[in-house]
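To start, the structure under review is shown below, and the notes come after it.
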Amino acid sequence: MPAVLIFLSSGLFLGWSLGANDAANVWGTAVGTRMVRFRKAALLCSVFVIIGAVFSGSGASTTLSRLGIISEMAGAFTIALAAALSVYVMTKAALPVSTSQSIVGAIIGWSIFAKSAVDYDALFKIFGTWVFSPVLSALVAIMLFFLVSFLLKHVKIHLIRLDSITRTALILAGIFGSYSLGANNIANVMGVFVISAEKVFSPIQLAFIGEFTVVQQLFLLGGLAIAAGVFSYSKRVMMTVGTGIYRLSPITAFIVVLSSAIVLFLFASVGLKQFLEAQNLPSFPLVPVSSSQSIVGAVIGVGIAKGGKNINYRILGRISIGWIATPVIAAGFSYIMLFVVQNVFMQKTF
Amino acid sequence: MLLSKAAKIEHGIDTYLGNVLKASLIFDKGIRSYFEGDYDSFSRRVAEISTLEHESDNLRREIKLTLYKELLIPDSRGDVLGLLENIDNVIDWAKKVLVHISIEKPQVWPELKQDFISLSDVATNCVEELVKASRAFFTNIADVPDALVKVHFLEHEADELEARIMKKAFSGEFITDLCQKTHVRYFAERISRIADEAEAVAERLEIYTIKRGL
């Protein structure tokens with residue numbers, strides 16, 4: 001068991017950094033503008049990230065596993081570590097980085113190292129979703145902006161009451177955002193361990209709930225790591241997001257958070273996908289997307305809805321560099337680290 | 001819980017703005033009573049406006065403390081408090097003018113009586129429009145600009161009336177003593193100052209309204 005925990009540590013570290021950084025995308029403005037207290041935000045975020053991860057995290061994880069059948073714990077550990085290292089290096093270089101993109105790059109690195117065939121259909125689906133998700137966020141934000149503006153124009157609400165309603169709306173959007181973050185991004189944290197963990201863990205029968213599967217156990221561990229990141233480190237990031245980067249009013253913050261949460265949910269919900277397919281409607285691929293880029297897309301959407309002034313379009317260029325640079329760097333790190341683990345530490349990685 | 005606190009603050013702000021309106025009406029009645037020689041009524045108005053000013057100060061402090069204590073409207077708290085504090089100057093000036101009249105007892109010149117009453121009416125209307133604009137700021141910002149246009153218009157009217165009173169006092173021959181001319185000018189300026197204070201708040205309100213947009 002201790003060996004398993006050592007192997008899982010890289011994934012847990014990725015989870016911790018996801019909690020420390022990405023929770024701020026969901027709760028940053030609410031906490032930074034002091035509309036919601038940090039403790040409340042951290043608690044709600046942790047609880048709903050875990051619920052989202054355990055009960056809805058399998059969809060995006062399945063897509064990720066199509067990129068490579070990682071059946072050895074040591075391989076999964078190295079991939080997650082390479083992804084974590086890429087995130088660190090990109091962050092140090094002040095480049096926009098996403099855990100989703102680095103984990104995909106690291107898996108590709110593994111596929112090249114293991115000479116395993118890459119599922120290009122899944123890969124193109126994932127790349128397409130990365131480009132599409134900020135665009136979709138912007139579109140959702142534009143629609144929500146006009147809807148909220150219309151409501152505020154026609155339903156005359158006192159400023160003080162509006163503040164209370166906005167506060168509640170921000171909490172609900174934060175809960176939904178946290179759930180969607182857990183559901184969509186747990187694949188980045190624990191997705192690579194799913195196959196190898198089946199050899200180590202066994203399903204647990206729980207009273208009233210029924211079977212608690214191996215994947216759910218794994219995602220619970222990942223969710224707890226995210227929660228640890230939220231409680232230990234996200235406050236600083238939240239204050240920066242809330243007061244520094246995006247100068248949003250509480251109402252526009254609500255629009256941005258809700259838009260991003262909707263997009264993350266669309267790319268994570270198995271139930272929604274099954275429902276749309278049952279109605280013969282086009283469904284969304286279940287792919288881990290970047291919550292940061294989804295937020296940036298929504299902020300730009302709000303900017304466009306407000307007349308398109310003061311939008312920093314250069315950020316779009318930087319994001320698109322990240323779509324290519326992050327997976328390439330992560331694949332490189334992954335390849336080198338797998339070589340070291342396989343040949344120096346004599347661990348089986350595929 | 002939060003909604004009940006919000007309802008309490010809403011009620012407090014409504015009452016406060018109502019007090020500003022009431023103070024301007026008491027002021028107008030007070031000036032009219034004084035210039036028409038009804039000094040009993042004038043004394044009552046002085047007492048009324050003093051009580052109202054005191055009550056409004058307490059109410060404003062209560063609103064301020066609750067907004068900070070309950071961390072309400074963090075985004076526009078400064079603007080709301082700025083609005084309430086500056087609008088308080090209007091009540092203060094209205095009270096100050098009536099109190100000064102009650103102490104200094106300026107002479108009522110028949111040639112200027114109607115002008116002073118008109119100046120007081122215009123200043124009062126100016127405050128009424130400011131209160132309308134302030135209420136709109138809280139509930140329907142689309143109505144703020146029209147009310148602010150009226151505030152600016154009435155302030156300009158008050159300036160013209162003030163200038164007319166001063167011209168009459170200094171160029172007419174019915175007042176010979178320079179001290180009395182100066183006394184007339186002093187009160188014309190003071191009454192007109194109420195409209196000036198209303199306009200100063202209106203200018204702030206213009207900015208707050210832009211900031212309140214989505």
Side-chain angles (χ1 to χ4, degrees), chain A residues 29-41 141-172 239 242-243 246-256 298-299 301-307 309-310, chain B residues 1-18 59-60 62-84 87 131-145 147 204-205 207-214:
Chain A
T29 316
V31 173
T33 56
R34 298 182 198 283
M35 290 290 280
V36 180
R37 286 172 207 264
F38 172 73
R39 274 178 169 279
K40 189 190 244 178
I142 290 170
M143 282 192 286
L144 284 175
F145 183 89
F146 286 119
L147 179 71
V148 170
S149 301
F150 177 83
L151 284 174
L152 288 179
K153 199 174 169 189
H154 291 88
V155 184
K156 294 172 178 54
I157 307 169
H158 196 282
L159 174 67
I160 309 289
R161 194 165 300 235
L162 183 63
D163 173 74
S164 306
I165 295 169
T166 309
R167 211 175 278 253
T168 310
L170 268 173
I171 291 174
L172 292 175
M239 296 315 264
T243 57
Y246 321 119
R247 295 294 297 175
L248 296 173
S249 71
I251 295 176
T252 45
F254 160 73
I255 293 170
V256 164
V299 171
V302 167
I304 292 169
K306 285 170 95 168
K309 287 180 207 158
N310 301 327
Chain B
M1 183 77 168
L2 208 59
L3 277 177
S4 72
K5 277 175 201 157
K8 200 177 150 198
I9 295 271
E10 266 178 57
H11 178 70
I13 290 172
D14 277 349
T15 309
Y16 182 79
L17 292 174
L59 188 55
R60 185 174 51 79
E62 206 178 300
I63 293 168
K64 183 175 162 179
L65 282 177
T66 316
L67 284 179
Y68 273 103
K69 221 161 61 185
E70 305 296 341
L71 301 170
L72 295 171
I73 51 165
D75 204 43
S76 40
R77 193 190 299 147
D79 293 348
V80 168
L81 293 177
L83 173 67
L84 298 183
I87 217 169
V131 171
K132 270 187 207 163
S134 305
R135 285 195 198 281
F137 170 75
F138 286 103
T139 50
N140 181 23
I141 49 169
D143 288 349
V144 175
R204 281 172 175 267
L205 205 49
I207 305 294
Y208 299 158
T209 307
I210 294 166
K211 282 168 74 183
R212 249 208 80 185
L214 272 186

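Within every chain, numbering begins at 1; the chains are lettered A, B, ... in the order of the sequence lines, protein sequences first and strands thereafter. These numbers were taken from a predicted model, which means no experiment stands behind them.
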Item to complete: Specify which of Ile160(A), Thr166(A), Ile157(A), Leu162(A) makes the most heavy-atom pairs with chain B at under 4.5 Å.
Response: Ile160(A)
Practice prompt. Kindly compute the distance separating CZ (Arg212(B)) from OG (Ser249(A)), expressed to the nearest 0.5 Å.
Written response: 10.5 Å
Response to the item:
Of all heavy-atom pairs linking Asp14(B) and His158(A), the shortest is OD1-NE2, 4.4 Å
Item to complete: Give the minimum heavy-atom separation between Ala6(B) and Arg161(A), together with the two atoms involved.
Response: CB-CA, 4.2 Å
Response to the item:
Looking only at heavy atoms, the pair that brings Ile73(B) and Leu159(A) closest together is CG2-O, 4.0 Å
Item to complete: Test Asn140(B) against every option in Lys153(A), Lys156(A), His154(A) by the side-chain contact (heavy atoms from CB on, under 4.5 Å) rule and name the one that passes.
Response: Lys156(A)
Worksheet item: Got Ile141(B) and Leu152(A) here, is their nearest side-chain heavy-atom distance under 4.5 Å?
Response: no
